[in-house]
Amino acid sequence: MAIQGLETNFNDYDVLLNECVNQRAVREGQRVHAHMIKSCYLPPVYLGTRLIVLYVKCACLGDARKMLDEMTLRNVVSWTAMISAYSQRGYASEALNLFVQMLRSGTEPNEFTFASVLTSCTGGSWLDLGRQIHSFVSKTSFESHIFVGSSLLDMYAKAGRIHEARQVFECLPERDVVSCTAIISGYAQLGLDEEALELFRQLLTEGMVPNHVTYTSLLTALSGLAALDLGKQVHSHVLRSKVHSYVVLQNSLIDVYSKCGNLAYSRRVFDSMTDRTVISWNAMLVGYSKHGMGKEVVELFNLMREENKVKPVSVTFLAVLSGCSHGGMEDKGLGIFHEMEKGKYGAEPEMVHYACVVDLLGRAGRIDEAFDFINKMPFAPTPAIWGSLLGACRVHSNFEIGEFVGRRLLEVEPENAGNYVILSNLYASAGRWEDMRTIRELMKEKVVIKEPGRSWIEIDQILHTFHASERTHPRREEVKTKLMELSVKFKEVGYVPDLSCVLFDVDEEQKEKILLNHSEKLALTFGLIATPEGLPIRVIKNLRICVDCHNFAKIFSKFYGREVSLRDKTRFHRIVGGICSCGDYW
DNA sequence: TTAGGGTTAG
């Protein structure tokens, strides 16, 4: 049917609008709409709603909203189509405002409305409103509806309220792959990786059939755990199933291999992809960057620009700049930063990029330049920026700037123990013992220990976790005895425990004991006794590795001829024959 | 006619 012969009646309009919706023909729909206006035809609710649906499906939100506003009579579908359009595109406040307007108008929401509007309550700041909607939902029959329930549990999970999310999940009268994935992903996104993995296994035994989204969420957890064998298992599963070509899933595979220290596998996945999003490039660049592979970072960035299919974004530059910094390509990194400033890439440098430059200059020993750079930045420096410069002052023994920065940091970030340690060590190296003692005293009063250290190692698909106060591992006594033995052997070949790494005010003997109990030493020692001779040992630590453990690992690698791959909070340390890929700067 | 879960960085 064409516009020319269009009659001003419901049936003609209805047939034509249906065709438009099916073919996503928004122009044609707009012409039909214009015809209605010209003919002074006031569309009934059904046709008005049909137009809203058409506009929403063709991403013309402005037209859709105009239509809704023009309608004198609206039904639950007209409201819900608009609310869900806002929700899906991330316009949370518009969606919520409209929901409130809908209630005021006296229209009863249905399960579609609740499922939509609750997805706009994610992100923490809307949680209070989300709770109110939840209590509203409980008074209706929709509480047990699976779509509404999935939205609800996802809302709680994204706000960090995983127990409430779990409660909603447990109360669902039925489960499907989406609700199962939502709860698994909730755990994974909060870094509760072991819980995510355990729940995945449990739900699998209960009959869940995972799809590409479930595998993507599971891979997030496996990345956090650096569970290489499990990651490979998921990969082969994915290859045998129909879901292997989803880009998001492949991006997660790049990430899992890179976080497990296996960049060759990451690159193989990356190269095999026919379509890549900016996240595929970013994941690969971040992988190289965390391994300190500056040359590869720059080459891949150049390739990305040559291909010119996707535009680099903020995270891309973060990876490129930090890759240049960790990979000893300071001038290249500085060059790219200056090009960003000049607008070459269409992405303005942000605070994180400035922080990368400070790190880059500091690492290269260009402390004065870094200090000048901070003072000229268009932002007020963050504690992380000062912290990065303080670290550089420690490594390059710059007392003057170090003292200034350290004092500054104690004011803005009094709870961070690392700052006190570096500053007191700076004083010690300058022979200013009185100042050193004052700083140590100050530290005792103010420091908050946020997260206890833990390290883990994967052997035959089993993750073995160690804490400083190790009481749980079945082979802990054997590990501790072996570790004592290593300490004696290593001292004979030059290992001197670095007691300045200990934050507690105890005697030297006690300090040495504390150091020897650091979780990464326990995990490393377990790796030695639990894996065949000569094989590389892969340890993961949740915090930044301390100088003493780093020294210990270097001697360990040389003594036993074992390659040690140690992933800490910020990067990978690949230690071969006593030499670390980080160049002793991290 | 309207609905729920996913990837990089910090």
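Since the structure is predicted, the reported quantities are computational estimates derived from the model, not experimental observations. Hydrogens, waters and symmetry mates play no part in the numbers below; they use all other heavy atoms, side chains included. Letters go in sequence order (proteins before strands), and every chain restarts at 1.
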Just checking, any donor-acceptor pair under 3.5 angstrom between side chains of A:H33 and A:Y55? yes
- Give A:V286 one of three labels, base, sugar-phosphate or nothing, depending on what nucleic acid heavy atoms sit under 4.0 Å from its own. sugar-phosphate
Whole-Å distance, A:M155 CE to B:dA3 P, equals 20 Å
| Going by atom types only, do A:T216 and A:S252 share a side-chain donor-acceptor pair under 3.5 Å? | no
Taking B:dT7, B:dG10, B:dA3 as options, the one with an atom nearest any side-chain atom of A:T220 is B:dT7
- Between A:Y354 and A:F373, does the ring centre distance come in under 6.0 Å? yes
Point to revise | Below 4.0 Å: OP1/OP2 of B:dG6 and any side-chain N or O of A:Q189 | key: yes
Which of B:dG6, B:dA3, B:dT8 is nearest the side chain of A:I279? It is B:dT8
For this session: Name the nucleic acid region contacted by A:Y46, choosing base, sugar-phosphate or nothing; use a 4.0 angstrom heavy-atom cut-off, strictly under.
Result: base
Using a heavy-atom cut-off of 4.0 Å across all strands, would you classify A:T214 as base, sugar-phosphate, or nothing? base
Sugar-phosphate, base or nothing in reach of A:S185, heavy atoms under 4.0 Å: sugar-phosphate
Picking from B:dA3, B:dT8, B:dG5, the nucleotide nearest the side-chain atoms of A:F112 would be B:dA3
*Could you verify whether a donor N or O on one side chain and an acceptor N or O on the other, from A:H291 and A:R571, lie under 3.5 Å apart?*
no
When rounded to whole Å, the NZ to P distance for the pair A:K259 and B:dG10 reads 9 Å
OP1 or OP2 of B:dT1 versus the side-chain N and O atoms of A:K57: is any pair under 4.0 Å?
no
Under the 3.5 Å rule, do the base of B:dG4 and the side chain of A:S151 count as making a donor-acceptor pair?
no
How about A:R50 and A:Y13: does a side-chain donor come under 3.5 Å of a side-chain acceptor?
no
Inset, instruction - For A:V247, report the nucleic acid contact type (base, sugar-phosphate, nothing); a contact means any heavy atom under 4.0 Å. - result: nothing
Atom CG of A:N110 and atom C1' of B:dT2 are separated, to the nearest Å, by 7 Å
Winner on side-chain proximity to A:V315, out of B:dA3, B:dG6, B:dA9, is B:dA9
Rounded to whole Å, the CG-C1' distance (A:N75 to B:dT2) equals 9 Å
Pair A:Q202-A:E206, side-chain donor/acceptor within less than 3.5 Å: yes
Between CE of A:M273 and C1' of B:dT8 the distance, given in whole Å, is 12 Å
Which of B:dT2, B:dA9, B:dG6 is nearest the side chain of A:L318? It is B:dA9
When rounded to whole Å, the CH2 to P distance for the pair A:W281 and B:dT8 reads 19 Å
Problem set entry | Sugar-phosphate, base or nothing in reach of A:D176, heavy atoms under 4.0 Å | base
| said: Regarding A:T113, tell me which of base, sugar-phosphate or nothing describes its non-hydrogen contacts under 4.0 Å with the strands shown. | reply: nothing
Assign A:Q88 to base, sugar-phosphate, or nothing according to its heavy-atom contacts below 4.0 angstrom with the strands shown.
sugar-phosphate
Which of B:dT7, B:dG6, B:dT1 is nearest the side chain of A:S217? It is B:dG6
It should be established whether A:K158 places a side-chain nitrogen or oxygen under 4.0 Å from OP1 or OP2 of nucleotide B:dG4. no
To the nearest angstrom, the CH2-P distance between A:W79 and B:dA3 comes to 17 Å
### Message
Looking only at the aromatic ring of each residue, does the gap between the centers of A:F301 and A:W281 stay below 6.0 angstrom?
### Response
no
| Is A:H145 side chain donor-acceptor paired with the B:dG4 base, going by distance under 3.5 Å alone? | no
When rounded to whole Å, the CD1 to C1' distance for the pair A:I133 and B:dG4 reads 14 Å
Open item on the list: Students often get this wrong, so: under 4.0 angstrom with heavy atoms, is A:I52 touching a base, only sugar-phosphate, or nothing?
Closed with: nothing
